Amino acid sequence: MSRDTIADIITSIRNADMNRKGTVRIVSTGITENIVKILLREGFIENARKHQERNNYFLVLTLRHRRNKKTPYKNTFHLKRISRPGLRIYSNYQRIPRILGGIGIAILSTSRGIMTDREARLERIGGEILCYIW
């Protein structure tokens, strides 16, 4: 039985956002580091740092949301896993969907690495659609 690390990241971030946690700790792999770099560059998270415990490496993410507000819960951002181990979703660069008219992003795994939908359209390459973030 294999683990879906991308779904684990998305679920951890979504749960921490719903519970108004300031930080999230996720397992560090090559794919997770690339996705976190994209989230950091696009402004969905404030900070990311690498942490080591014994022989295991973790990424500690600082989420961006209103921490001290007493208003009812409202999601700061939404994450949705698209391609999964049981059903892979591929797209060429012309058919990559625009999330909320360009407000959100789609993260793709291409032959040139993991990148956003805008970068893939500029480089004119398609790939596997990993997730949507808005």
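Model, not experiment: these values are computed from the prediction. Sequence positions, counted from 1, serve as the residue numbers for this chain.
- The hydrophobic clustering, which links ILVMFWY residues whose side-chain heavy atoms are closer than 4.5 Å, places Leu39 and Ile31 together.
- The two atoms that bring Ile99 and Ala106 nearest to each other are CG1-N, 4.1 Å, heavy atoms only.
- Between Leu59 and Arg49, every side-chain heavy-atom pair lies at or beyond the 4.5 Å cut-off.
- Although no hydrogens or angles enter the test, the distance criterion places a donor-acceptor pair under 3.5 Å between the side chain of Gln52 and the main chain of Arg54.
- At most 12 non-hydrogen atoms from other residues, nucleotides or ligands lie less than 6.0 angstrom from CZ of Arg95.
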*Trp134 and Lys80: side chain to side chain contact (heavy atoms under 4.5 Å, CB included), yes or no, with the steps?*
CA-CA 9 Å; Trp134 69 94; Lys80 184 176 180 185; 4.1 Å; yes
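- Between Val24 and Thr62, every side-chain heavy-atom pair lies at or beyond the 4.5 Å cut-off.
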*His78 and Arg14: side chain to side chain contact (heavy atoms under 4.5 Å, CB included), yes or no, with the steps?*
CA-CA 7 Å; His78 301 274; Arg14 186 184 309 122; over 6 Å; no
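- Proximity of Leu87 to Ile89: side-chain heavy atoms (C-beta onward) are separated by under 4.5 Å at one or more points.
- Side-chain contact, Tyr93 with Arg124: a donor N or O sits under 3.5 Å from an acceptor N or O.
- Linking ILVMFWY residues whenever their side-chain heavy atoms come closer than 4.5 Å, directly or via other members, places Leu130 and Leu61 in the same cluster.
- Following chains of ILVMFWY side-chain contacts shorter than 4.5 Å, one cannot reach Ile129 starting from Leu79, and the two form parts of different hydrophobic clusters.
- Atom-to-atom distance recorded for Thr32:OG1 and Ile9:CD1 is 4.5 Å, nearest 0.5 angstrom.
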*List the steps, then state whether salt bridge (charged side-chain N to carboxylate O under 4.0 Å, His left out) holds for Arg41 with Glu119.*
CA-CA 13 Å; Arg41 187 175 63 226; Glu119 295 168 349; 2.9 Å; yes
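- Taken together through direct or relayed side-chain contacts under 4.5 Å among Ile, Leu, Val, Met, Phe, Trp and Tyr, Ile133 and Ile103 form parts of separate hydrophobic clusters.
- The pair Arg25-Glu53 counts as a salt bridge, with a side-chain nitrogen and a carboxylate oxygen less than 4.0 angstrom apart.
- Taken to the nearest 0.5 Å, the OG atom of Ser109 stands 9.0 Å off from the CG atom of Asn34.
- Side-chain contact between Val60 and His51 is present, with at least one heavy-atom pair separated by less than 4.5 Å.
- Through direct or relayed side-chain contacts under 4.5 Å between Ile, Leu, Val, Met, Phe, Trp and Tyr, Phe58 connects to Val27.
- No more than 12 heavy atoms of other residues, nucleotides or ligands shown are found within 6.0 angstrom of CZ on Arg98.
- Between Arg84 and Asp4 there is no salt bridge, since none of the side-chain N atoms of the basic residue sits less than 4.0 Å from a carboxylate O of the acidic one.
- The hydrophobic cluster around Tyr90 extends to none of the other residues, as no ILVMFWY side-chain heavy atom falls under 4.5 Å of it.
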*Assess whether side chain to side chain donor-acceptor pair (under 3.5 Å) is satisfied between Ser83 and Glu128, documenting all intermediate values.*
CA-CA 7 Å; Ser83 184; Glu128 180 182 355; 2.6 Å; yes
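- Using a 4.5 Å cut-off between side-chain heavy atoms of Ile, Leu, Val, Met, Phe, Trp and Tyr, with links allowed through other members, Ile10 and Tyr132 fall into different hydrophobic clusters.
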*Yes or no on side chain to side chain contact (heavy atoms under 4.5 Å, CB included) for Met115 and Ile107, after CA distance, side-chain angles and deciding distance?*
CA-CA 6 Å; Met115 61 180 62; Ile107 297 179; over 6 Å; no
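- Using a 4.0 Å cut-off between charged nitrogen and carboxylate oxygen, Lys37 and Glu42 do not count as a salt-bridge pair.
- Taking the side chain as every heavy atom from C-beta outward, Ile26 and Asp8 never approach each other to under 4.5 Å.
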*How far apart are the C-alpha atoms of Thr116 and Leu108, what are their side-chain angles, what is the distance that settles it, and do they pass the side chain to side chain contact (heavy atoms under 4.5 Å, CB included) test?*
CA-CA 6 Å; Thr116 64; Leu108 283 84; over 6 Å; no
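- Between the side chain of Glu33 and the backbone N or O of Gly30 there is no donor-acceptor pair closer than 3.5 Å.
- Contact check for Leu63 versus Ile13: side-chain heavy atoms found under the 4.5 Å cut-off.
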